[in-house]
Asker: 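Mind having a look at this structure? Questions to follow.
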Amino acid sequence: MHQKRKLCVVTGSRAEYGLLYWLMREITDDPDLTLQLVVTGMHLSPEFGLTWQQIQQDGFIINRKVEMLLSSDTGVGIAKSLGLGIIGFADALDELKPDVVVILGDRYEVFAAAQAAMALRIPIAHIHGGELTEGAIDEAIRHALTKMAHLHFTATEAYRKRVIQLGEQPQNVFNVGASGLDHMSKTELLGRGQLEEALGFKLGKRNLLVTFHPVTLEQSTAADQFEQLLNALSQLDETVHILFTLPNADTDGRSLINRVTAYQKQHAERVVVFKSLGSLRYLSALQFVDAVVGNSSSGLIEAPAFKIASVNIGDRQKGRLCAASVINCVPEQTAILQAINQAFSDSFRQLLPSVENPYGSGNTSLKIKNILKHCSLAKLLKKPFYDLAIKDNG
């Protein structure tokens, strides 16, 4: 009997779990593969809703939990969390002995996992490499992960080229589209009435879905930028209803959470706040809102697939490819209000049905699973640098 290939998926936040969900399903359903699941970071934190329980409710078996999130969200706290993570992942990966470690994105939890895997000489597969997020510390982590990884799954062709530009072998870099889009083709979404019931909230004549994360490389401007956003939202008509989802545990995340809670109390009849909507409610809401507002990547990836407008505020997603449905604006009250009004305008709404999404059309998880299942792991660990300059001259 042949040995099943063991694929160890690491997840540290609810957003990333949403993007890995269908890949984990594909691996679980494949008789030739074994899913190993290591949960860390915000999933284990009471403050962020102990989301590891949701993972179990979804039917996945969690093989290891790696505690690494200190209650402090300062720079020192995050640096120490990284150290704890590397120690925890060293033990977990040594015990599980996976054939490949699968990581996604650019958060420091997966950076810890990758460092442990690299030291243990376990091949790493990285999803969503090659992207630019100039406003966040995550960009350096993302490119560092590319250099530590052996197989690369990018969301667009431009990102595939950038990973190759970083010296990675073209035959190990695959443009598979954005995995977040798999939910749309695979999930039966709620209708308007079902969604209102699930939210405990009546949708208005117009609706906005707002997610705003702190921008980690800008000195303590998150609170100021958020104030500007709230001021802009306060000037909208009473008939516009607003769904907020709370930010992640980045530096400054807590001050935004306090502000949005206070704002909701002042505007209780038209504003509702959720720690996490979960992927079913979030995607269902995208069918009925007029725009996604904030600085979350879902405004660039999922919203265009639903043919709705996005108001992308500030620099957090700067450098990422944007569909024509994305309106970029500076984090300043007047500009934000102008952008929201543009999204509401008839002329802009007429453009939306013909929008092309640069992030593909789904089925990403199946493509990734098939490559992870069939690729040869024999020579992956020794990575020659793929040098474009020498290739061009030669």
Asker: Measure from the side-chain N and O atoms of Thr40 to the backbone N and O of Gly12, and report whether any donor-acceptor pair falls under 3.5 Å.
Answerer: no
Asker: Could you tell me how the ring of Phe174 sits relative to the ring of Phe153: parallel (under 30°), tilted (30 to 60°) or perpendicular (over 60°)?
Answerer: parallel
Asker: Got a sec: does the NZ of Lys161 have more than 12 other heavy atoms crowding it under 6.0 Å?
Answerer: no
Asker: Please tell me whether Leu243 and Leu189 are part of a single hydrophobic cluster in this structure, the criterion being side-chain heavy atoms less than 4.5 Å apart.
Answerer: yes
Asker: When you measure from the side chain of Arg320 to the backbone N and O of Ile301, does any donor-acceptor pair fall under 3.5 Å?
Answerer: no
Asker: Might you point out which heavy atoms bring Val66 and Ala92 nearest each other, and give the distance in Å?
Answerer: CG2-CB, 4.1 Å
Asker: Quick one: does Arg5's side chain have a donor or acceptor within less than 3.5 Å of a partner on Lys373's backbone?
Answerer: yes
Asker: Run the side chain to side chain contact (heavy atoms under 4.5 Å, CB included) test on Val260 and Val210 for me, step by step, so that the C-alpha distance in whole Å, both residues' side-chain angles and the decisive distance to 0.1 Å come before the verdict.
Answerer: CA-CA 11 Å; Val260 84; Val210 181; over 6 Å; no
Asker: For the side chain of Glu196 and the backbone of Leu203, is there at least one donor-acceptor N/O pair under 3.5 Å apart?
Answerer: yes
Asker: In the structure I gave you, are the side-chain heavy atoms of Thr51 and Tyr17 within less than 4.5 Å of one another anywhere?
Answerer: no
Asker: Is there a donor-acceptor contact under 3.5 Å from the side chain of Lys97 to the main chain of Asp94?
Answerer: yes
Asker: Is there a side-chain contact between Phe344 and Asp290, using heavy atoms and a 4.5 Å cut-off?
Answerer: yes
Asker: Ignoring hydrogens and geometry, is there a side-chain-to-backbone donor-acceptor pair from Gln235 to Thr334 under 3.5 Å?
Answerer: no
Asker: Under a 4.0 Å threshold between the charged nitrogen and the carboxylate oxygen, would Arg25 count as salt-bridged to Asp58?
Answerer: no
Asker: Walk me through it: do Tyr159 and His128 pass the test side chain to side chain contact (heavy atoms under 4.5 Å, CB included)?
Answerer: CA-CA 8 Å; Tyr159 298 157; His128 274 289; over 6 Å; no
Asker: Within the supplied structure, the quantity of interest is the number of heavy atoms (other residues, nucleotides, ligands) at a distance under 6.0 Å from Glu356 CD; does it exceed 12?
Answerer: no
Asker: Could you check if a side-chain atom of Leu208 sits within less than 4.5 angstrom of a side-chain atom of Ile340, using non-hydrogen atoms only?
Answerer: yes
Asker: May I ask you to decide whether Glu168 forms a salt bridge with Lys383, counting only side-chain N to carboxylate O separations under 4.0 Å?
Answerer: yes
Asker: Nearest heavy-atom pair of Ile27 and Val9: which atoms, and what distance?
Answerer: CD1-CG2, 4.2 Å
Asker: Any heavy-atom pair between the side chains of Arg206 and Thr239 that's under 4.5 Å?
Answerer: no
Asker: Could you check whether His152 and Thr146, counting side-chain N and O atoms only, form a donor-acceptor pair closer than 3.5 Å?
Answerer: no
Asker: Are Val101 and Leu33 connected, step by step, through hydrophobic side chains (Ile, Leu, Val, Met, Phe, Trp, Tyr) whose heavy atoms are closer than 4.5 Å?
Answerer: no
Asker: For the residue pair Ser310 / Asn312, report whether a side-chain donor-acceptor contact shorter than 3.5 Å exists.
Answerer: no
Asker: Between Arg107 and Glu16, is the closest basic N to carboxylate O distance under 4.0 Å?
Answerer: no
Asker: Which heavy-atom pair separates Tyr108 from Leu82 by the least distance, and what is that distance?
Answerer: O-CD2, 3.4 Å
Asker: Go through it in stages, so that I can follow the logic: the residues are Leu7 and Leu23, the test is side chain to side chain contact (heavy atoms under 4.5 Å, CB included), and I'd like the CA-CA distance, side-chain angles, deciding distance and then a yes or no.
Answerer: CA-CA 11 Å; Leu7 303 178; Leu23 174 60; over 6 Å; no
Asker: Do Val10 and Val100 belong together in a cluster built from hydrophobic side chains that touch within less than 4.5 Å?
Answerer: no
Asker: Are the charged groups of Arg142 and Glu139 less than 4.0 angstrom apart, N to O?
Answerer: no
Asker: So, taking the atom named CD in Gln171 and the one named CD1 in Ile164, what distance separates them when rounded to the nearest 0.5 Å?
Answerer: 9.0 Å
Asker: For the atom pair NZ (Lys369) and CG (Asp30), what is the distance rounded to the nearest 0.5 Å?
Answerer: 4.0 Å
Asker: Checking the side chain of Asp182 only, and the main-chain atoms of Asn363 only, is there a donor and an acceptor separated by less than 3.5 Å?
Answerer: yes
Asker: Identify, with sequence neighbours excluded, every residue that meets ring-ring contact (aromatic ring centres under 6.0 Å, His included) alongside Phe201.
Answerer: His241
Asker: Has Asn63 got a side-chain atom pairing as donor or acceptor with Val38's backbone, closer than 3.5 angstrom?
Answerer: no
Asker: Quick check: closest heavy atoms across Pro331 and Gly314, and the distance to 0.1 Å?
Answerer: CD-CA, 3.8 Å
Asker: If we only count heavy atoms from C-beta on, is the Phe306 to Val289 side-chain gap below 4.5 Å?
Answerer: no
Asker: How far does CG of Leu35 sit from CD of Glu26, to the nearest 0.5 angstrom?
Answerer: 12.0 Å
Asker: Under 4.5 Å between any side-chain heavy atoms of Thr364 and Leu181, yes or no?
Answerer: no
Asker: For the pair Gln317 (side chain) and Asn295 (backbone), establish whether a donor and an acceptor sit closer than 3.5 Å, ignoring hydrogens and angles.
Answerer: yes
Asker: List the steps, then state whether ring pair (Phe, Tyr, Trp, His ring centres under 6.0 Å) holds for Phe60 with Tyr21.
Answerer: CA-CA 10 Å; Phe60 294 111; Tyr21 175 88; 5.7 Å; yes
Asker: Looking at every heavy atom in both Ser284 and Leu190, which two are closest together, and how far apart are they?
Answerer: OG-N, 2.9 Å
Asker: Going by atom types only, do Ser179 and Ser365 share a side-chain donor-acceptor pair under 3.5 Å?
Answerer: no
Asker: Apply side chain to side chain contact (heavy atoms under 4.5 Å, CB included) to the pair Leu199 and Phe274, showing each step before the final yes or no.
Answerer: CA-CA 9 Å; Leu199 297 174; Phe274 293 92; 3.7 Å; yes
Asker: Linking I/L/V/M/F/W/Y whenever their side-chain heavy atoms sit closer than 4.5 Å, directly or via other members, would Leu377 and Ile127 fall into one cluster?
Answerer: yes
Asker: CD/Glu332 to CG/Leu337 distance, rounded to the nearest 0.5 angstrom?
Answerer: 10.0 Å
Asker: Can you hop from Ile336 to Phe226 via hydrophobic side chains spaced under 4.5 Å?
Answerer: yes
Asker: Measure across Ala198 and Arg281 and return the closest heavy-atom pair with its distance rounded to 0.1 Å.
Answerer: O-NH1, 3.2 Å
Asker: To the nearest 0.5 Å, how far apart are CG in Leu19 and OG in Ser297?
Answerer: 7.0 Å
Asker: Taking side chain as C-beta onward, heavy atoms only, is Leu132 less than 4.5 Å from His143?
Answerer: yes
Asker: From His213 NE2 over to Leu246 CG, what is the distance, rounded to the nearest 0.5 angstrom?
Answerer: 10.0 Å
Asker: Is any side-chain heavy atom of Pro304 less than 4.5 Å from a side-chain heavy atom of Tyr359?
Answerer: no
Asker: Any donor-acceptor pair under 3.5 Å linking the side chain of Ser45 with the backbone of Met42?
Answerer: no
